[in-house]
Amino acid sequence: MRRIYLDHNATTPVHPEVLKEMENALELTYGNPSTLYLIGTEAKKKLEEARRRVASRIGAKTEEIIFTGGGTEANNLALFGICRARKKEGNHIITSKIEHDSVLNSAKALERDGFNITYLPVDSYGMVDPGELSKAIRPDTILISIMHSNNETGTIQPIKDMTEIAREKGIPFHTDAVQSIGKINVDVAGFGADLLTIASHKIYGPKGVGALYIKKGTRLQPILYGGHQEKGYRPGTEDVPGIIGFGKAAEISMKNTEDNRLVVLRDRLYNSLSERIEMVRLNGHPVKRLPNTLNISIEFVEGEGMVLALDDLGISVGTGSACATATLEPSHVLAAMGVPPQIAHCTLRFSLGWDTTDEDVDYVIGVLPDVVKKMRGFSPLYKEYLRKSRKEAV
Ligand SMILES: *Cc1c(COP(=O)(O)O)cnc(C)c1O
């Protein structure tokens, strides 16, 4: 059966050119980059070339890039690294309610270690208000961490306004830019963050590789201890083939940024679905949003059920609501935006990629209305709703 992959915010397929470089590297670039002989120094050269590629992707200096074992690790390094280095100066951290779990749960762990955390609210579009950030800053604030764009809704944050506030107060500013790289322009020198997180597998590179941009002069403690690799910030022999793949992916992603084709496809998907299905609502900012991301709630149809029904039809999509066990936990992002739980449970997240075609989108537009109709047919709440609206109409 034809498979249509529309969950690029969860992960992306490895780009064919990335795969080619990695295959080569796995076979030939096996040297340890910390050794002195040719096999090692060639690996070192490739490693530094990858670092240059990643740095230039975000407008950073090469030496400001530290490779990590993924986005989660880079976020942990940023939060724990800064807090451990600055704990004598204060113990207050500001973040937001809509961060990725790797930031939120790091913050919670720091809270257990005695740090105070302010979780900034968002508006109904999922946007943080820079004015709220200003108000939350205290004399003992040592770190601000606000994501560049949200993985569930695609809402893009007013980062530059917030980095300016942080800079005025001399507080380090970290941003999780995992979802923004390759989708919108990310120029770290331009908006002036002190730390920035990137993950390779969200930009058509391999999984388990990422990077933390650390602006020159930022004080940070490592979270792992070992050798001198990555200037001691991330000891352990580097994943050379993975990093080479990451570098290639970063280079390729430059060409795909600001892809208007995806905006057109995404908006056609949304408009056609809203025409064919009643009670569809858009979650996230209508304009200030990643070009590839469409998060919608389809009332009276449970998200997980739709994901499974679409999977049977060859379509892979995500759901906004993270369903743990029998106790369905609605998405913390939608909850922070004020979406009621019963609507948050009815959520689908489509995230398009460079491999998404017009036909893929047409196929979804063709099959989803029937899936919804069938599932609403099983819903006692929907029947109740119909009965009520009929009564009102009489
Ligand atoms: C995927 C993701 C991460 C985690 O990256 P991993 O490489 O999967 O650990 C962090 N933040 C955001 C916003 C993400 O989408």
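Atoms within each ligand, like the ligands themselves, are counted from 1 in listed order. The chain is numbered in sequence order, starting from 1.
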Q) For His92 and Thr141, what are the C-alpha separation, side-chain angles and deciding distance, and is it a side-chain hydrogen bond (donor to acceptor under 3.5 Å, both in side chains)? A) CA-CA 4 Å; His92 180 235; Thr141 306; 2.7 Å; yes
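- If you check the side chains of Thr153 and Arg289, you find no donor sitting under 3.5 Å from an acceptor.
- Taking the ring centroids of Trp354 and His8, they lie at or beyond the 6.0 Å cut-off.
- When ring centroids are compared, Phe246 and His201 stay outside the 6.0 Å threshold.
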Q) Would Asp7 and Ser316 count as a side-chain hydrogen bond (donor to acceptor under 3.5 Å, both in side chains) if you check the C-alpha gap in whole Å, the side-chain angles of each, and the deciding distance to 0.1 Å? A) CA-CA 6 Å; Asp7 203 12; Ser316 315; over 6 Å; no
What does the contact table look like for ligand 1 (nitrogen or oxygen on each side, cut-off under 3.5 Å)?
unit_1, atom_1, unit_2, atom_2, d
ligand 1, 7 (O), Gly71, N, 2.8
ligand 1, 7 (O), His201, NE2, 3.3
ligand 1, 8 (O), His201, NE2, 2.8
ligand 1, 9 (O), Thr72, N, 2.8
ligand 1, 9 (O), Thr72, OG1, 2.6
ligand 1, 11 (N), Asp176, OD1, 3.4
ligand 1, 11 (N), Asp176, OD2, 2.6
ligand 1, 15 (O), Gln179, NE2, 2.7
ligand 1, 15 (O), Lys202, NZ, 2.7

Show me the donor-acceptor pairs, under 3.5 Å and distance only, between side chains in residues 61-68 and residues at least two apart or in other chains.
unit_1, atom_1, unit_2, atom_2, d
Glu64, OE1, Lys61, N, 2.9
Glu64, OE2, Lys216, N, 3.1
Thr68, OG1, Gly70, N, 3.3
Thr68, OG1, Gly70, O, 2.8

